[in-house]
**Q** 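Mind having a look at this structure? Questions to follow.
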Amino acid sequence: MIQTSSTFLQDSQYLDGSISLSEVISALSFALDLTEGAVQGHALRSCLLGMRIAEEAQLPSNLRSSLYYALLLKDVGCSSNATRLCQIVGGDDRAVKAGVKFEDWTKPHKPSLSTLRLLWSKVLPEAGHAARAARIVRIGVTQHKNNEEMIKLRCDRGASIVTKLGMGRSAAEAVRSLDEHWNGSGYPRRAKGEQIPLLARICAVAQHLDVFFTGRGAEAAIQTLQERSGTWFDPELVRAATSLHRRDALWDNCSANESPEDTRRAALDLDPARRQQLGATQIDLICEAFAEVVDAKSHFTFCHSIGVADAAFAIARKIGLSEDRVQMVRRAALLHDIGKLSVSNSILDKQGKLTEEEWKSVYEHPGLSRRILERVGPLQEVAVIAGEHHEKLDGTGYPNRLRAQDLSLESRIIAVADVYGSLSEDRPYRAALELDQIVSIMGKLIPYKLDSDCFDALLSAVSGQREVVALPSMYSGGHPPVSTQTRPINTARWAV
Ligand SMILES: [Fe+2]
Ligand SMILES: [Fe+2]
């Protein structure tokens with residue numbers, strides 16, 4: 001008999017589900033660092049730095065909570081421009097995002113030697129010199145337009161997610177204006193001086209400090225901050241940061257050698273509303289928001305996590321799991337691919353065959369999903385199930401080649417929902433498949449790779465919305481017939 005995975009919860013300190021908003025967001029902020037190609041813990045260190053600067057600058061206490069979440073979530077929209085950036089540079093979006101933070105990208109007509117070096121190493125890495133040089137020239141010519149487009153995409157998306165999470169207008173506007181510059185040379189609105197919300201100005205200083213501190217050390221971080229005082233950054237905030245630096249009160253818990261958990265604990269201590277506990281509905285809302293972040297990474301997966309969650313929910317219900325198990329399965333499905341934020345779009349959107357090195361990056365994503373989610377107390381079980389979504393019953397899956405006896409019913413549900421979701425969507429190498437093709441392909445995976453009961457439950461759920469057609473002969477299970485008339489992209493209708 002297949003075991004459910006409910007035993008995981010028995011030892012959990014979070015048996016009652018109690019956890020604060022900052023514990024959840026601080027844990028999931030590691031996923032945002034991945035998309036930005038940032039050094040692990042970037043969002044948390046930015047939070048520490050920004051809150052210290054706010055204290056020094058005597059930010060009113062009623063704005064502290066908004067600032068705290070703006071700092072943790074400043075990159076929540078960052079996945080939305082990954083595909084576009086990948087198209088523009090013809091290379092690894094994460095590497096470009098990581099490198100460009102050290103550059104002054106406001107002067108496309110006068111690029112520095114280091115900017116040119118960065119472009120030469122990252123743009124069209126497999127092309128010849130002439131093609132690469134031509135692309136770099138084109139990037140220079142179109143840079144203002146591209147910057148505006150990509151930063152607007154990222155900032156609007158980020159602000160929208162922060163609003164959905166209920167963080168309030170101040171936090172959302174801070175995220176929207178993160179890339180504005182004091183002298184009006186930033187994006188997307190070219191806002192100037194105090195037109196830029198104060199919280200956004202603090203976030204901009206904090207992220208700059210962390211990038212340079214972890215990359216080049218404290219002195220370089222302060223020096224570049226001062227060099228850009230009055231151009232990129234609010235001079236008052238530069239003074240506050242410099243004063244903290246001189247008093248040795250800026251960098252505690254920000255060292256790259258610091259354990260990520262110590263940095264996180266220090267950031268949690270600064271949460272102005274740390275006693276505020278989350279209810280189940282709020283945890284669901286956060287899972288949905290981060291599913292959106294994952295899905296925005298590539299236009300091929302723009303509704304993947306949400307679709308897999310709908311399918312998993314329907315399967316779990318049909319199988320007869322209890323309501324709390326159904327809720328847990330749905331959360332795992334929403335977040336199963338969160339580790340995919342670490343995979344470059346040059347791989348995710350690639351039309352040709354992946355190289356061995358590229359496959360290695362893909363194979364790592366379920367393990368990363370697990371490690372990110374494990375940091376959230378009430379999501380321990382969700383973490384395990386998310387980490388197993390590419391395992392197969394016959395031991396041919398990844399990352400751990402688990403076998404049937406190792407895989408819980410909940411993991412099997414997610415695995416079936418994930419295959420169904422993937423086949424329903426366009427991929428770089430094929431169009432979305434029709435339902436009869438999906439059933440045929442999945443039927444060949446039963447019962448050796450995918451669980452037949454979960455597949456039956458899926459088909460039963462789908463059949464509720466479809467006309468009747470014959471099933472492919474490859475599948476010997478006793479599932480109900482389904483239709484091929486329409487493509488089952490929008491599964492939300494049968495999830496409820
Ligand atoms: Fe996956
Ligand atoms: Fe997936």
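Every heavy atom of this structure was used, including side-chain atoms; hydrogens, water molecules and symmetry mates were not. Each ligand, and each atom within it, is numbered from 1 in the order the structure gives.
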**Q** Taking NZ, NE, NH1 and NH2 as the nitrogens, is one of them in K297 or D337 under 4.0 Å from a carboxylate oxygen of the other?
**A** no
**Q** Is it true that some N/O/S atom of H389, main chain or side chain, lies under 2.8 Å from the Fe ion (ligand 2)?
**A** no
**Q** Can you tell me the angle formed at the Fe ion (ligand 1) by OD1 of D337 and NE2 of H365, to 10°?
**A** 90°
**Q** What angle sits at the Fe ion (ligand 2) between NE2 of H304 and OD1 of D418, to 10°?
**A** 80°
**Q** Salt-bridged, R317 to E323, with N to O below 4.0 Å?
**A** yes
**Q** Any N/O/S atom, backbone or side chain, of H390 lying under 2.8 Å from the Fe ion (ligand 2)?
**A** no
**Q** Flag this pair as yes if the NZ/CZ of R45 is under 6.0 angstrom from the six-membered ring centre of F213 and inside a 45 degree cone about the axis; otherwise no.
**A** no
**Q** For the residue pair H389 and H336, does the interplanar ring angle fall in the parallel (under 30°), tilted (30 to 60°) or perpendicular (over 60°) class?
**A** perpendicular
